[in-house]
*Asks:* 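First, the structure itself, so that you have it in front of you.
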Amino acid sequence: MKYCKNCLEPSTFPITKFNKKGLCSTCQYYLKFIKNFDEGQKLQILKEITQKYKNSKNTFDCIIGVSGGKDSTRQALWIRDKLKLRPLLVCCTYPPEQLTDLGARNLSNLIKLGFDLIVTAPGPQTWKKLLKKGFYGGNYLRGPELALYSSLPQIAIKYNIKLIFWGEGGNGKTTDITTIVKKKEYDGNLLRKQDTLKNCDLSWTKDIIEDEAKLIPYKYPTERDFVKNKIQIIYLGWFMKDWSILNNAKYSSLNGLKLRSDVVENTGDLYGSMALDEDWVIVNQMIKYYKFGFGRVTDYLNYEIRQGKIKREDAIKLVEKYDGKCDPKYIRSFCNYINISESEFWSTVSNFVNKKLFTLNNKKDSEKYLPKFKVGIGL
Ligand SMILES: [Zn+2]
């Protein structure tokens with residue numbers, strides 16, 4: 001394992017490739033992205049694209065996928081107030097046991113800001129089965145992500161809306177900007193081929209879900225449906241120079257967004273702004289940390305390093321202190337939900353821990369494994 005010379009992206013970061021100068025893919029992309037960034041020109045491209053979707057009297061101009069969090073609040077306001085489009089917001093929400101009060105409150109804030117919103121809620125029994133199976137396969141978000149991404153084109157087709165906005169490609173797993181590197185970098189119609197949706201495969205659910213109707217919320221419309229209904233997905237992040245975790249959180253907080261109140265020692269969430277609508281993301285980030293040697297704090301700070309807001313050496317201290325942190329209460333809550341014991345939880349997680357990077361620590365409940373690597377240096 002080695003680190004990018006500029007930021008703290010490790011070589012274990014999925015899809016990264018270091019160049020001869022030791023820069024990671026994301027930094028290489030970012031430097032090019034910023035150097036060529038022409039805000040006026042990008043806005044022009046966006047206006048040209050969106051123009052043809054405007055002015056229909058019978059439906060909304062576009063759909064925006066929202067959770068009520070920092071990215072969606074910023075996007076919704078930007079699209080309505082700057083682009084002057086009439087958006088319909090769509091939120092695929094979590095089951096009551098998973099949804100946080102904070103998430104419900106932030107979603108209400110979006111409605112209060114004057115938006116029309118449709119909430120879809122896949123049945124909790126199927127949700128739980130898929131989540132559990134996903135956990136044993138190393139990614140409990142596999143099912144939820146399919147539902148989340150499928151809800152937008154499904155609603156778009158039903159309401160005859162052709163334009164859909166996402167903030168960025170991929171998801172929390174790979175929040176960096178490399179996820180949108182494609183020929184037309186803002187074109188989200190390629191999403192189905194990306195790692196998140198894995199070609200929308202549902203064959204892994206066959207042995208646990210008997211009634212196929214229960215899988216409807218997880219079915220991403222086919223390429224044919226996209227063509228027939230002229231669906232176009234656009235990643236908005238590509239058009240905004242200051243699109244970042246921290247900037248979006250700041251901007252949205254000024255517009256009524258409430259952030260996570262638990263401390264970073266318990267959450268590994270440096271600014272308390274990630275996935276506010278559920279808490280098991282903290283568990284997921286801890287598992288990611290054990291798999292790849294980096295967690296949410298690294299994600300946050302890589303943005304900040306690239307934007308020149310923090311020095312690499314200062315970022316290292318924060319990463320060493322907080323990355324991968326997860327209070328046992330979140331693990332307990334997750335285990336209760338999928339009805340497994342904590343020892344079962346850890347024996348499953350241990351299958352995915354990168355043993356080259358971590359060593360077992362039997363002393364502490366909250367840190368089951370200790371890193372063998374040195375942040376910023378590697379192994
Ligand atoms: Zn880098």
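Computation of the quantities below employed the complete heavy-atom set of this structure, encompassing side-chain atoms and omitting hydrogens, waters and symmetry-equivalent molecules. For ligands, and for the atoms within them, numbers begin at 1 and follow the listed sequence. The residues of the chain are indexed from 1 along the displayed sequence.
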*Asks:* Among T298, N302, T16, which one satisfies side-chain hydrogen bond (donor to acceptor under 3.5 Å, both in side chains) with E9?
*Replies:*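 Checked T298, N302, T16 against E9; only one passes side-chain hydrogen bond (donor to acceptor under 3.5 Å, both in side chains): T16.
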
*Asks:* Is there a donor-acceptor contact under 3.5 Å from the side chain of D323 to the main chain of F294?
*Replies:*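 No; judged by distance alone, with no hydrogens or angles, the pair does not exist.
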
*Asks:* Pairs in or reaching into residues 27-43: which pass salt bridge (Lys or Arg N to Asp or Glu O under 4.0 Å), with residues at least two apart or in two chains?
*Replies:* none

*Asks:* Please tabulate, one pair per line, all N/O donor-acceptor pairs under 3.5 Å involving side-chain atoms of residues 102-114, not counting sequence neighbours.
*Replies:*
unit_1: R105; atom_1: NH1; unit_2: G256; atom_2: O; d: 3.2
unit_1: N106; atom_1: OD1; unit_2: K258; atom_2: N; d: 2.9
unit_1: N106; atom_1: ND2; unit_2: L102; atom_2: O; d: 3.4
unit_1: N106; atom_1: ND2; unit_2: K258; atom_2: O; d: 3.1
unit_1: S108; atom_1: OG; unit_2: A104; atom_2: O; d: 3.0
unit_1: N109; atom_1: ND2; unit_2: N255; atom_2: O; d: 3.0

*Asks:* Taking ring-ring contact (aromatic ring centres under 6.0 Å, His included) as the cut-off, I'd like each qualifying pair that reaches into residues 118-137, sequence neighbours left out, listed once.
*Replies:*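 ring-ring contact (aromatic ring centres under 6.0 Å, His included) check on residues 118-137 returns Y94-W127, F135-F334, F135-F345.
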
*Asks:* Less than 2.8 Å away from the Zn ion (ligand 1), how many protein N/O/S atoms can be counted, ignoring water?
*Replies:*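 Counting protein N, O and S atoms closer than 2.8 Å to the Zn ion (ligand 1) gives 4.
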
*Asks:* Report yes or no: is the cationic atom of K162 (NZ for Lys, CZ for Arg) under 6.0 Å from the centre of the six-membered ring of Y53, at an angle within 45° of the ring normal?
*Replies:*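 Judged by the rule, K162 and Y53 form no cation-pi pair.
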
